[in-house]
Novice: 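If you scroll down you'll find the structure; I have some questions about it.
All of these numbers come straight from a predicted model, not from anything done at the bench. Keep in mind that the numbers below use all heavy atoms, side chains included, and drop hydrogens, waters and symmetry copies. Numbers restart at 1 for each chain; the letters A, B, ... are given by sequence-line order, proteins then strands.
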2 protein chains.
Amino acid sequence: MLKGHQSWIFEKKPKIISTATVVGPFEGQGPLANDFDIIHGDLYLGQDSWEKAERVLLEESTQLAIEKARLTKEQIQFYFGGDLMNQIISSSFAARTLSIPYIGMFGACSTSMESLALASFIVNHGGAKYALAGTGSHNASVEKQFRYPTEYGSQKPPTAQFTVTGSGAAVVSLEGDGPSVTSATIGRVIDMGITDPFNMGAAMAPAAVDTIEAHFRDLQIKPSHYDLIVTGDLSKVGYEIAEDLLKRHNIPMEETTYKDCGMMIYDYNKQKVQSGASGCGCSAVVTYGHLLNRIRKGDLKRILVVATGALLSPISFQQGESIPCIAHAVSIER
Amino acid sequence: MLKGHQSWIFEKKPKIISTATVVGPFEGQGPLANDFDIIHGDLYLGQDSWEKAERVLLEESTQLAIEKARLTKEQIQFYFGGDLMNQIISSSFAARTLSIPYIGMFGACSTSMESLALASFIVNHGGAKYALAGTGSHNASVEKQFRYPTEYGSQKPPTAQFTVTGSGAAVVSLEGDGPSVTSATIGRVIDMGITDPFNMGAAMAPAAVDTIEAHFRDLQIKPSHYDLIVTGDLSKVGYEIAEDLLKRHNIPMEETTYKDCGMMIYDYNKQKVQSGASGCGCSAVVTYGHLLNRIRKGDLKRILVVATGALLSPISFQQGESIPCIAHAVSIER
């Protein structure tokens, strides 16, 4: 049901009946390692290209999520997926392997919550008995496509972020047990004129705040409704800007913990990730791994995940355009 | 409501209350010229790059569709859009201009019906009062990205297709008048091993037939339910393969007219388009322009539009991969 201008309330509270997360070696050395289902030791995942390795991440997370739900892929009606590769080819190949009717999406790093929001809407309204939502990214394929191949060894400024190698998937249904998806807010494209692809956090922060503000306005609730609000991948630089903007917009965050997935997955003291983490895989594995585990354990009751996406294109960047950004928010409750 | 395994029935029959189509000069010389709202004489649309011209096509079709519905953009809750450009940047920039909450999609040339299916589902179930669906393509930006810049003047084989310069958009609502969207079938990824990007029709035909078959199985109806069934952009080569496959799969098409949008927009005698037309804009402008005009005039009563998409990526192609394809079907009735 539409609530306010851009939000949905899911009256039937669709449940996330299973999740699966698959990450690379570097993520396996970080503080959330115990929350991931599969940690690969080889960044190539036994493939002969980074793009093929990314596809395997997505295939593994989606298949494992289906398996953990004790379902077969034939029982899943729709797969909502996307990723950062041109033509979201990793997701399309995963959809080919799964052979599940497929709704391809592109929201850059906001795809985790874009796909979860739509899967939840469809399930809530009887459009599917079981829907699968998933996304992922691979550090080397993304760096190669958007910046420079990592083999070049180019130096990065402190505002740069490190793309997560990882994929997360979730099965949503009205039947079964698990945390509930209770609402979603779909974001607008916000572009404050930032053109630096090494400072995505600053570009995305205003989009995150715009969606957070819309969420509270539409649902007529306050931040204190949640134990935890997380943004997807603003990392240090973007997080500080978002904190500042939240204050300026009079969004009272005092009683709520506000964190960013991009600051949670790596250990800043030991891992050189500049501002922090980014990528479709970032909010996906932190949410579907770490945060849902905390909800399942009873450590968290209500959270709002605001996945942030820089809809950056190397071509439009080369043509002098700034970076359009977006954020989609989904609330998850025990 | 889910019907069968991969289809939705829209009980409330959401209406397409307005459509708008914008095309380039070459499409304006074809047999459907009278069905388009805006025909540009300049392929650059006054911009300094093909990509920027493509963006303008999308901005114009979406804004005109809203205007023709006698609405303002503030009254539209969600924009479902996508295109063929990497990171669907044309749609994202159009979404920035519109400032409407945005759900980015990627289904290659199937995006027209992918976005209409989702917009209709959301509207049918009260998730939006007004939703906008739109897509488009530009011949020169697409050729440059997927094959060779047209300026190279490279020769093409007779199986090649000509990408439509055009954009189509539709406003969907339960309130107002217009043709109704009654059902949708979401396709699976089908890949028969074809690797030739100059023969997309052959690659996509099996996906079209798979979705058509699923549609009739799920809805328990026969092709004769429709006056017209159109595929999106198989063009001559793919159309013949689809016709043959439909026979082999015992789908009785005798009492139904079966056509392809890719064979309708250009005049084969005067326009050199090899096998025919393709691109996100192809099924979008033929459906939202020509076919809906015929429904409005009473010339057609019930149609099934099966938009076909080759989820081709230059990178995966270079890495030896075949072309994964998909098709999404939407039924529209007077």
Novice: If you measure from CG on A:Asp191 to OG1 on B:Thr97, what distance do you get to the nearest 0.5 Å?
Specialist: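 It is 9.5 Å, given to the nearest 0.5 Å.
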
Novice: Between A:Ile326 and chain B, with a heavy-atom cut-off of 4.5 Å, which part of the residue counts as in contact: side chain, backbone, both or neither?
Specialist: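 Looking at A:Ile326, just its side chain touches chain B.
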
Novice: Taking all heavy atoms of B:Gln319 and all of A:Lys52, pick out the closest pair and write down the distance.
Specialist: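 Closest heavy-atom pair between B:Gln319 and A:Lys52: O-NZ, 3.5 Å.
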
Novice: For residues A:Ile89 and B:Leu311, report the shortest heavy-atom separation together with the two atoms involved.
Specialist: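 Looking at all heavy atoms of both residues, the closest pair is CD1-O, 3.0 Å.
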
Novice: Which distance, rounded to the nearest 0.5 Å, do you find between the CG of B:Leu312 and the OG of A:Ser92?
Specialist: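 Going from CG on B:Leu312 over to OG on A:Ser92, the span is 10.5 Å.
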
Novice: Under 4.5 Å heavy-atom distance to chain B, tell me which part of A:Ile315 shows up: side chain, backbone, both or neither.
Specialist: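 Contact with chain B is through the side chain of A:Ile315 alone.
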
Novice: Determine the interplanar angle of the B:Phe78 and A:Trp8 rings, folded into 0 to 90°, and report it as parallel if under 30°, tilted if 30 to 60°, perpendicular if over 60°.
Specialist: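 Ring orientation, 0 to 90° scale: tilted.
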
Novice: Among A:Pro324, A:Ser316, A:Ser313, which residue satisfies the side chain to side chain contact (heavy atoms under 4.5 Å, CB included) criterion with B:Gln87?
Specialist: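 So, applying the side chain to side chain contact (heavy atoms under 4.5 Å, CB included) to B:Gln87 and each of A:Pro324, A:Ser316, A:Ser313, only A:Ser313 qualifies.
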
Novice: State, to 0.1 Å, how close A:Met105 and B:Ile103 come at their nearest heavy-atom pair, and which atoms those are.
Specialist: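 The answer is CE-CG2, 3.9 Å.
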
Novice: With only heavy atoms counted, which part of A:Ser115 is less than 4.5 Å from chain B, the side chain, the backbone, both or neither?
Specialist: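 Neither part.
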
Novice: With side-chain contact (heavy atoms from CB on, under 4.5 Å) as the test, would you mind laying out the steps for B:Gln77 and A:Gln6 before giving the verdict?
Specialist: CA-CA 6 Å; B:Gln77 277 83 39; A:Gln6 63 196 88; over 6 Å; no

Novice: What verdict does the side-chain contact (heavy atoms from CB on, under 4.5 Å) test give for B:Val189 and A:Leu98, after you've listed the backbone C-alpha separation in whole Å, the side-chain angles of each residue and the deciding distance to 0.1 Å?
Specialist: CA-CA 9 Å; B:Val189 173; A:Leu98 292 166; over 6 Å; no

Novice: So which pairs with a foot in residues 82-116 of chain A pass ring-ring contact (aromatic ring centres under 6.0 Å, His included), sequence neighbours left out?
Specialist: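 Listed once each, the pairs are A:Tyr79-A:Tyr102.
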
Novice: Please state whether the side chain, the backbone, both or neither of A:Leu84 comes within less than 4.5 Å of a heavy atom of chain B.
Specialist: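 Contact with chain B: backbone only.
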
